[in-house]
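In what follows, a structure is listed as structure tokens, so that the remarks can point back to it.
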Amino acid sequence: MALKIYNTLTRAKEAFEPLEPGKVKMYVCGPTVYDYIHIGNARPMIFFDVVRRYLESVGYEVDYVVNFTDVDDKLIKKAAQMGVTVPEVANLFIEKYYEDAEGLGVEKATLNPRVTENMAEIIAFIDSLVEKGFAYENGGDVYFRTAKFPEYGKLSHQNLDELQFGIRVEVDERKENPQDFVLWKAAKPGEIFWSSPWGNGRPGWHIECSAMVRKYLGDTIDIHGGGQDLQFPHHECEIAQSESLTGRPMAKYWMHNGYININNEKMSKSLGNGVNVNQMLESLSPQLIRYFMLSAHYRNPLNFSAETIEQAKNGLARIDNCVSNIKHRLSTAGDGDVDPAVERAVRDVQTQFEQKMNDDFNTPDAVTAFFELVNAANLHMQQKEVSRSSLERLLQQFEAMDKILGILTKAEELLDDEIEQLIIERTEARKAKNWARADEIRDLLTERGIILEDTPQGIRWRRK
RNA sequence: GGCGCCAUAGCCAAGUGGUAAGGCAGAGCUCUGCAAAAGCUUUAUCCCUAGUUCGAUUCUAGGUGGCGCCUCCA
């Protein structure tokens, strides 16, 4: 089965066919770098990382661009608060972004362009829109003339007449129409600015993505993604700008991930329930966070709570245990071919994994494939004699799937000498049937976070 | 007011026009010196009502409940 992607534009799953065979051009709206990234940012980061890895694993060459919005009202405000410049704020949080992204096991995008490095392109873009009559200047601001773009609303399936403008934010009286949006904002005294044909100012929010998509990936790209809240107005405006200018579709497939709730509530500043990624990483492993994020379908909401995290922790431990148990078994395994039952199980799991990923990136079912493999491996290891090749075949399959999801705990730490000695001593004690001493040592190590397990193949240890 | 989304076991979560995967938690058993890990067994009138159909949890309509967006929040 070939890959299918749910396209927000058509509200249907569509067969994925890249514009250019073998290549995928993908753009995901990145963060506004005015603060640490939070758990809500982490979802698209992890999900689209998985999309990108999967596309690469099936042979596509992926051009993956994620931008930084490094100038806007929030940055200006933050800079004032911190008593530093806007670029200083941006640089600080871009640095933090990279730390957190790495902490989440997110692979680096092909490119992370910044707004401020693309001013010339942005101004030229706006200029062309003005020239073509899609935009107009008023008092140093430039607005997009939505009336000139009849398809405005096609992504979010909104009817312009029905939208309620000015409910949430006051309508600027300099606009011809309330639905017009700003392309260029005149600078207020003391604000950071760039000079332009319309005077000193800075870009509106939406124009940056239009300009950078075009510059780095082209007039039409394959996949454009982001959080579902970006659907309207952000992506809608991008479409209006780009398609007015080029006369071509901006992107073939539009993908939007759902929200993360915290204890069943929307995460918001006013509730003060935000969770930053760097805080989260203090107590949760990257693999656990990824496992958690991928355990629900990307278009569905996902609830972050002590309970759901605990469940994820226990679920992931089952998979990790299995993998480390296979590795432990390796040292005592014999020669011989891959067991036919193992071979069959591995193939079934691989097929299942691919089918589910092909079905609009059904990661919850892809995780289920891990559990199927766990069960097959555990059953196989109940046998007295197993071959190294069978175990390696199983490990290979775990790794193949993990290359895409990135959920297996990697750490293969060594034990320090003292612990090593205690384990040896315990082995002796057990031989001598000195159960008291054996239990004492086991308890001692448990306190230090080492769990000992006696198996027919010797003592196995793992960290709690 | 407009446009949408969601409702599956104690919890999390897939899925299908032919009576429902997987995980967590719980219970019992097996294995174990005791454990752990693992295995086995066990837990669902798929929100309500009407309709379409031989047959609906799955499609349609209505209802109830929860949620999102409607100009700068991923």
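Every heavy atom of this structure was used, including side-chain atoms; hydrogens, water molecules and symmetry mates were not. Below, read A as the first sequence line, B as the second, and so on, with proteins coming before strands; counting in each chain starts at 1. No experiment lies behind these values; they were computed from the predicted model shown.
- Using a 4.0 Å heavy-atom cutoff across all strands shown, A:Glu310 reaches no nucleic acid atom at all.
- Taking only distance into account, the side chain of A:Gln311 meets the base of B:C11 through a donor-acceptor pair shorter than 3.5 Å.
- Rounded to the nearest Å, the gap between the P atom of B:C70 and that of B:A38 is 46 Å.
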Any chance you could list the contact pattern along nucleotides 34-41 of chain B? Use B for base contacts, S for sugar-phosphate-only contacts and - for none, protein heavy atoms under 4.0 Å, 5' to 3'.
BBBSSS--

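- With sequence neighbours left out, the side chain to side chain contact (heavy atoms under 4.5 Å, CB included) criterion links A:Gln311 to A:Glu307.
- Counting any heavy atom pair closer than 4.0 Å across all strands shown, A:Gly258 reaches a base atom.
- For A:His328, the side chain to side chain contact (heavy atoms under 4.5 Å, CB included) test picks out A:Thr455, A:Gln457, A:Arg460, with sequence neighbours left out.
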Extract all donor-acceptor atom pairs below 3.5 Å that involve side chains of residues 97-105 of chain A and protein atoms in other chains or at least two apart in sequence.
unit_1, atom_1, unit_2, atom_2, d
A:Tyr98, OH, A:Asn112, OD1, 3.1

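- In this structure, B:A21 makes no Watson-Crick or G-U wobble pair, since no nucleotide meets both defining distances under 3.5 angstrom.
- Under the Watson-Crick or G-U wobble criterion, with both distances below 3.5 Å, B:C5 is paired with B:G66.
- For A:Phe353, the ring pair (Phe, Tyr, Trp, His ring centres under 6.0 Å) criterion is met by no residue, not counting sequence neighbours.
- A heavy atom lying under 4.0 Å from RNA chain B marks the following residues of residues 6-14 of chain A, by number: A:Arg11.
- Take A:Glu243 and apply the side-chain hydrogen bond (donor to acceptor under 3.5 Å, both in side chains) test, not counting sequence neighbours, and it matches A:Lys154.
- In this structure A:Ala438 satisfies the side chain to side chain contact (heavy atoms under 4.5 Å, CB included) test together with A:Arg426, A:Ala429, A:Arg430, sequence neighbours excluded.
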Show me, pair by pair, the donor-acceptor contacts under 3.5 angstrom made by side chains of residues 370-378 of chain A, not counting sequence neighbours?
unit_1, atom_1, unit_2, atom_2, d
A:Asn378, ND2, A:Val374, O, 3.4

